[in-house]
Chemist: 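This is the structure, below, for whatever I ask next.
Not measured: the values here are computed from a predicted model. Side chains are part of it too, since the values below use all heavy atoms of this structure and drop only hydrogens, waters and symmetry mates.
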Amino acid sequence: MNWLSWLSDFFSDPDHRSGPDSIAHRIAEHLVFSGEALLFAALVAVPLGLLIGYTGRGVTAVTALAGFARALPTLGLVTLAVLLAGVGDTAVLVPLVALAAPPLLVAAVEGVRGTDPDVRDAARGIGLTHPQVLWQVCLPSAAPTLLAGFRTAAVQVIATATVAAYVGLGGLGRYVFDGLATRKYAVTAGGAVLVVLLAVAAQLLFVLLARYALPRGVRAQRRAADRTR
């Protein structure tokens, strides 16, 4: 049986059209896990990264920490979280937040550091305080880099959120793990394809945000920077 037959069987299964095991329900669960992880990671990593990028203190430590965090085994973190906190959302959110935080932190740092020093000096010269320079000058300049960091984090989190099923929770990982456990490979294949499609959709969303949602001046500055490379 080939992949096309497996996918046909998966998507034509009535159990996957409605109810708790439906595709729509599993996607919603997957998005909730992913969205919560991105939110918690952003609340910690983005303000810290903006501060470090603006002051220039701790940049080397951020780079080292980001590299270390990327090397952490996700399933190992899930197992440790289960042992410490029991089976629940925490067991999934801890490793997903640990996965999402490094690219957001690095993006915030590099985005602020990439602000034109002359523009920062000019802002200080007209009387803006340091917090005002950070939020009114550096943050808009860092927006494209931040969006790129969010795109990277979102794709990684969506691809990894299948581990929720490892501890008996929901999401698209239920199809992958349950299919393997019961040798229903059509279910495994369908779940894997849905995860890939969801990750691709997230990537396209952030590409569109970078192209159309950023302020016009920021987009023009970004295009000018791309032409000089």
Chemist: Ignoring hydrogens, what is the shortest heavy-atom contact between Val176 and Gly191? Give both atom names and the distance.
Modeler: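 Closest approach of Val176 to Gly191: CG2-C, 4.0 Å.
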
Chemist: Please test Cys138 against Arg113 for side chain to side chain contact (heavy atoms under 4.5 Å, CB included), starting from the C-alpha separation and ending with a verdict.
Modeler: CA-CA 8 Å; Cys138 296; Arg113 293 185 71 199; over 6 Å; no

Chemist: Assess the residue pair Leu172 and Ile27 against the criterion (side chain to side chain contact (heavy atoms under 4.5 Å, CB included)); give the C-alpha distance rounded to whole Å, side-chain angles, the decisive distance to 0.1 Å, and a yes or no.
Modeler: CA-CA 6 Å; Leu172 294 174; Ile27 288 177; 3.9 Å; yes

Chemist: How close do Ala98 and Pro102 get, counting heavy atoms only, and between which atoms?
Modeler: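 Nearest pair, atom of Ala98 first, then Pro102: O-CD, 3.0 Å.
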
Chemist: What orientation do His130 and Tyr54 show, parallel under 30°, tilted 30 to 60°, or perpendicular over 60°?
Modeler: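 It falls in the perpendicular class, over 60°.
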
Chemist: Is it the case that one hydrophobic cluster holds both Leu139 and Leu128, taking links as side-chain heavy atoms less than 4.5 Å apart, direct or via other members?
Modeler: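 Yes; Leu128 is reachable from Leu139 via cluster members.
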
Chemist: How about Arg17 and Ser12: do any of their side-chain heavy atoms sit closer than 4.5 Å?
Modeler: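 Answer yes - side chains close enough.
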
Chemist: State yes or no: do Val196 and Val155 share one hydrophobic cluster built from I, L, V, M, F, W and Y residues joined by side-chain heavy-atom distances below 4.5 Å, directly or via other members?
Modeler: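 No, Val196 does not connect to Val155 through the hydrophobic network.
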
Chemist: Could you tell me which non-hydrogen atom of Val137 sits nearest to which non-hydrogen atom of Ala123, and how far apart they are?
Modeler: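 In terms of heavy atoms, the two residues are closest at CG2-CB, 3.8 Å.
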
Chemist: Taking all atoms of both residues into account, what is the closest heavy-atom pair of Ala159 and Thr162, and its distance?
Modeler: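 So the minimum-distance heavy-atom pair works out to O-OG1, 3.6 Å.
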
Chemist: Nearest 0.5 angstrom please: Ile23 CD1 to Asp13 CG, how far?
Modeler: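 If we round to the nearest 0.5 Å, Ile23:CD1 and Asp13:CG are 9.0 Å apart.
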
Chemist: Count the heavy atoms of every other residue, nucleotide or ligand shown that sit under 6.0 Å from CZ of Arg57, and state whether that count exceeds 12.
Modeler: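 No, the 6.0 Å shell around CZ holds no more than 12 heavy atoms from other groups.
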
Chemist: Show the nearest heavy-atom pair for residues Ala41 and Ala101, with the distance to one decimal.
Modeler: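 Scanning both residues, the minimum pair turns out to be CB-N, 3.8 Å.
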
Chemist: Report the distance from atom CG of Leu209 to atom CG of Leu147, rounding to the nearest 0.5 Å.
Modeler: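 The CG atom of Leu147 is 6.0 Å from CG of Leu209, to the nearest 0.5 Å.
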
Chemist: When rounded to the nearest 0.5 angstrom, what distance separates CD1 in Ile158 from CG in Leu197?
Modeler: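 So the gap between those two atoms works out to 11.5 Å.
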
Chemist: With rounding to the nearest 0.5 Å, note down the distance linking OH in Tyr175 to CG in Leu194.
Modeler: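 Rounded to the nearest 0.5 Å, the OH-CG separation comes out at 7.0 Å.
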
Chemist: Spell out, as yes or no, whether a donor-acceptor pair under 3.5 Å connects the side chain of Thr160 to the backbone of Val157.
Modeler: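 No: the side chain of Thr160 does not pair with the backbone of Val157.
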
Chemist: If Ile, Leu, Val, Met, Phe, Trp and Tyr residues are connected whenever their side-chain heavy atoms lie under 4.5 Å apart, and connections chain through other members, are Leu198 and Phe11 in the same group?
Modeler: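 Leu198 clusters together with Phe11.
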
Chemist: Going through the distances and angles, do Thr188 and Phe177 end up as a side chain to side chain contact (heavy atoms under 4.5 Å, CB included)?
Modeler: CA-CA 7 Å; Thr188 300; Phe177 282 86; over 6 Å; no

Chemist: If you compare all heavy atoms of Ala37 against all heavy atoms of Val97, which two are closest, and at what distance to 0.1 Å?
Modeler: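 Heavy-atom minimum between the residues: O-CG2, 3.7 Å.
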
Chemist: With a 4.5 Å cut-off on side-chain heavy atoms, are Val163 and Phe33 touching?
Modeler: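 The answer is no; the side chains never approach within 4.5 Å.
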
Chemist: If hydrophobic clusters are built from ILVMFWY residues whose side chains come within less than 4.5 Å, do Leu180 and Val193 share one?
Modeler: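 Same cluster: Leu180 reaches Val193 through Ile, Leu, Val, Met, Phe, Trp or Tyr contacts under 4.5 Å.
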
Chemist: Scan residues 161-185 for pairs that pass salt bridge (Lys or Arg N to Asp or Glu O under 4.0 Å), counting only residues two or more places apart or in two chains.
Modeler: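 Passing the test, one end in residues 161-185: Arg174-Asp178.
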
Chemist: According to a 4.5 Å side-chain heavy-atom criterion applied to Ile, Leu, Val, Met, Phe, Trp and Tyr, with indirect links allowed, do Leu38 and Val32 form part of one hydrophobic cluster?
Modeler: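 No, because Leu38 and Val32 fall into different hydrophobic clusters, even though each may have its own neighbours under 4.5 Å.
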
Chemist: Distance check, rounded to the nearest 0.5 Å: Leu104 atom CG versus Thr152 atom OG1?
Modeler: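 It comes to 9.0 Å.
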
Chemist: If you apply the rule side chain to side chain contact (heavy atoms under 4.5 Å, CB included), what do you find for Leu50 with Trp135, and how did you get there?
Modeler: CA-CA 9 Å; Leu50 294 176; Trp135 293 105; 4.0 Å; yes

Chemist: Side chain to side chain donor-acceptor pair (under 3.5 Å): which pairs involve residues 26-52, sequence neighbours left out?
Modeler: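 Listed by first then second residue: Asp21-Arg26, His25-Glu29, Arg26-Glu29.
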
Chemist: To the closest 0.5 Å, what do you measure between CZ (Arg120) and OG1 (Thr115)?
Modeler: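 Arg120 atom CZ to Thr115 atom OG1 measures 6.5 Å (nearest 0.5 Å).
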
